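These numbers were taken from a predicted model, which means no experiment stands behind them.
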Amino acid sequence: MIRILPMFLAALFTLAIAYAQPAVKPENKPYRVVASGKEVTIKSTKDIRAVMVWTAGGHRILEQKDINATSFTFSIGISGKVFFLLVELKGNERYTEKIGLRE
């Protein structure tokens with residue numbers, strides 16, 4: 001009986017933690033990212049105001065402001081497979097995501 005009590009408490013604690021986490025809702029982004037090699041295109045239903053791209057190490061490699069178009073294409077000129085993207089749309093809506101590229 002004494003051996004069962006710690007296992008029961010651990011299972012109860014695990015269940016409490018699992019149910020305490022908020023449900024993750026899929027985010028409906030008003031844009032999509034299409035990558036072909038090192039060329040990346042962002043297509044949006046709203047005007048794109050700005051785009052920023054940085055490496056996994058935190059080095060900013062692109063910052064473009066005042067785009068004001070529904071499509072934006074850029075090339076990544078450095079080697080790497082994982083980059084982070086910030087897209088700012090009209091109305092100050094900001095979205096970030098991780099993108100993977102093939103070399």
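The closest donor-acceptor contact from the side chain of Thr45 to the backbone of Pro30 lies under 3.5 Å. For Ser44 (side chain) and Ile48 (main-chain N/O), no donor-acceptor pair under 3.5 Å exists by modelled atom type. Put simply, the side chain of Thr55 gets close to the backbone of Gly57: a donor and an acceptor are under 3.5 Å apart.
Looking at heavy atoms from C-beta onward, Arg60 lies in side-chain contact with Met52 at the 4.5 angstrom threshold. Using a 4.5 Å heavy-atom threshold, the side chains of Thr70 and Lys46 count as separate. In this structure, the side chains of Leu101 and Phe83 come closer than 4.5 Å at one or more pairs of heavy atoms.
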- side-chain contact (heavy atoms from CB on, under 4.5 Å) evaluation trace for Leu85 with Val33: CA-CA 10 Å; Leu85 173 71; Val33 178; 3.6 Å; yes
- Take Val87 and Arg94, measure what side-chain contact (heavy atoms from CB on, under 4.5 Å) needs, and give me the verdict at the end. CA-CA 6 Å; Val87 178; Arg94 290 183 174 183; over 6 Å; no
- Start with the C-alpha distance between Val51 and Phe74, add both sets of side-chain angles, then the distance that settles side-chain contact (heavy atoms from CB on, under 4.5 Å), and finish with yes or no. CA-CA 10 Å; Val51 171; Phe74 61 94; 4.3 Å; yes
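Closest approach of Gly80 to Lys38, counting heavy atoms only: O-NZ, 3.1 Å. Heavy-atom minimum distance, Arg49 versus Gly91: CD-N, 4.4 Å. Shortest non-hydrogen contact noted between Leu89 and Tyr95 is CD1-CE1, 3.7 Å. Residue Lys43 comes nearest to Ser71 through the heavy atom pair CG-OG, 4.2 Å, listed as atom of the first residue, atom of the second, then distance.
We find that Glu97 and Lys29 are joined by a salt bridge, their nearest charged nitrogen and carboxylate oxygen being less than 4.0 Å apart.
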